[in-house]
Amino acid sequence: MHTEDFPMLKQDIIYLDNGATTLKPYAVIDAITDYYENYSANAHRGDYDISLKVDLAYENTRDIVKEFLNARYLEEIIFTSGATQSLNMIANGFFAPLLESGDEIIISKSEHASNVIPWFEIATAKNVHIKYVDLDDNHYVTINNLKKAITPNTKVIALAGITNVIGDERPIKEICKLAHEHNIFVVVDGAQSVPHLKTDVQDLDCDFLAFSAHKLCGPTGVGVLYGKIELLEHLIPQNYGGGMNETFDNESEVYLKSLPTRLEAGTPNIAGVIGLGAAINYLNQIGMENITSYERELRRYLINELMQIPHIDIINPESDSGIVAFNVDGIFAQDIAVYLNKYHVCIRAGNHCAKILKSEVGVTNTCRVSLYFYNTKRDVDKLVELLKDKNKIIEEMI
Amino acid sequence: MDPETRRAIIMENYLNPYNREPAPANYIKVNTNNESCIDNLDIYLLIEDDIIKDVKFTGEACAISTSATSIMIKLLLGKTISEAQNLLTNYRNMINELPYDAEILEEALCFDEIYKQQNRKNCALLPWKGIEKALAKYQENK
């Protein structure tokens with residue numbers, strides 16, 4: 001649906017790599033162009049009309065994000081360069097100073113690198129243990145397994161809302177409830193979930209959430225760090241510089257601004273933030289519930305079609321999200337991607353930045369199709385038609 | 001080389017790669033991978049008296065990388081180190097559209113037009129980058 005809103009879709013392509021990034025609608029492109037063409041000044045320098053306009057537009061996005069996530073306060077919304085930076089800020093600015101030797105961090109083997117390596121770094125520096133919650137036969141996180149993984153030393157559980165290869169939707173609300181009963185913080189990597197599911201941080205009761213604009217039709221290079229305000233107050237800035245300080249005279253007298261500005265040093269990605277606001281407005285017009293249900297239906301259609309192809313092995317047939325990981329028997333994933341590319345079908349091959357997942361599912365590399373609301377049954381039909389004939393694949397893959 | 005022959009050589013070496021098996025511990029082992037893709041191969045080299053006695057490989061890689069490895073191994077067997085280095089130079093020149101000696105490259109000539117697909121050049125070069133490392137390792141330990 002809404003394919004007409006996307007200039008990229010005027011090209012002869014079938015874009016099925018939305019887990020990597022999404023296409024941009026005119027609404028987003030126009031908002032960014034409008035900023036660069038008509039009021040291209042810096043933010044927070046409101047001495048003249050166009051600069052004031054920038055301030056208003058920039059801060060308007062904070063309002064939009066707050067409503068989108070149902071956060072309590074505007075100050076809980078911090079603009080970053082993307083989910084990766086958000087997760088690093090959470091790990092290094094909040095948890096690194098807090099954690100002590102012997103503490104435990106629970107993650108899973110199906111996390112994206114951005115929700116693994118920042119924790120690894122802390123583990124090494126602070127003698128903190130990384131613990132992997134056991135995944136069930138479908139490679140899902142269950143509350144029961146999480147209960148088993150928690151010990152009195154567990155201080156933080158960091159999990160994706162939806163994982164980027166298996167595509168399973170985690171029961172975040174139940175996880176937060178369980179964690180908080182044990183005084184454990186919960187960090188949610190929302191990179192793959194926020195674009196596809198209505199996310200209500202108050203209902204979930206998560207402590208931190210990270211996501212990127214570019215995976216929800218927004219521009220690259222911008223994202224959000226959400227944190228409960230009482231926790232964000234303790235998050236130590238990782239970047240110091242312009243915009244975030246109140247006054248400074250010498251090294252012992254640097255006074256920082258309050259939230260959220262304190263955590264947004266330097267000239268921010270103004271165009272990106274404005275584009276993010278436009279992207280969320282655009283998604284809201286379609287309706288997040290509509291997006292979720294449309295994707296689920298399309299996914300079911302795709303799975304049913306792929307199941308009928310004997311040489312295709314689906315890694316995650318049970319998952320709910322628009323992510324489908326599979327392999328074609330005897331053919332390297334990348335060769336499938338190269339073959340599909342000849343027909344302008346864009347899919348991703350590889351380990352998808354989930355390098356520790358291979359020990360869990362037993363395969364290193366997969367083909368990944370990831371759907372969004374602008375994909376159609378026609379797109380799926382084309383993909384399935386191309387994958388049906390293994391001889392044709394072998395014939396044409398080089 | 002005509003497209004049919006080119007294709008046939010690549011597919012034959014991809015589907016039935018030569019010496020794709022683990023090697024004993026006395027082989028020099030190197031890993032070679034492409035940062036921009038998921039090809040990841042281990043190459044094992046056995047040299048005696050400066051002559052390449054055996055080369056094996058394991059790992060996962062695309063059709064181009066796998067076939068390039070298989071073809072490379074067949075070319076290298078029995079060659080001296082300087083012959084191997086000469087093959088490497090000429091092969092790399094072919095991939096990078098520089099003058100090269102077509103006489104010595106045999107089956108590897110099937111990649112003579114790979115430059116037309118910029119993103120596959122690294123695939124074709126992958127095993128050779130590995131063997132270069134392995135040869136350097138041999139010289140160091142000599």
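Computed over heavy atoms, backbone and side chain alike; hydrogens, waters and symmetry mates excluded. Residue numbers start from 1 in every chain, and the chains themselves are labelled A, B, ... in the order their sequence lines are given, proteins ahead of strands.
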Does the salt bridge (charged side-chain N to carboxylate O under 4.0 Å, His left out) test come out yes or no for A:E396 and A:K392, once each step is laid out?
CA-CA 6 Å; A:E396 299 180 9; A:K392 180 179 159 72; 3.3 Å; yes

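Contact of B:N119 with chain A is not made at all, since no heavy-atom distance falls under 4.5 Å. Of the two parts of A:I394, the backbone and the side chain both hold a non-hydrogen atom closer than 4.5 Å to a non-hydrogen atom of chain B. With a threshold of 4.5 angstrom between heavy atoms, B:R120 approaches chain A through side-chain atoms but not through N, CA, C or O.
Nearest heavy-atom pair across B:G59 and B:L41 is C-CD2, 3.9 Å. What you find for B:I43 and B:P127 is that their closest heavy atoms are CD1-O, 3.5 Å. Nearest heavy-atom pair, B:P22 versus B:T58, reported as atom, atom and distance to 0.1 Å: N-CG2, 3.5 Å.
Annotation: side chain of A:S319 is in contact with side chain of A:R299 (closest heavy-atom distance under 4.5 Å).
Counting non-hydrogen atoms of neighbouring residues, nucleotides and ligands closer than 6.0 angstrom, the CD atom of A:Q308 exceeds 12 such neighbours.
The cationic group of A:K109 lies under 6.0 Å from the six-membered ring centre of A:Y132 and within 45° of the ring axis, placing it in a cation-pi geometry.
Contacts with chain A (heavy atom to heavy atom, under 4.5 Å) involve no residue of residues 88-116 of chain B.
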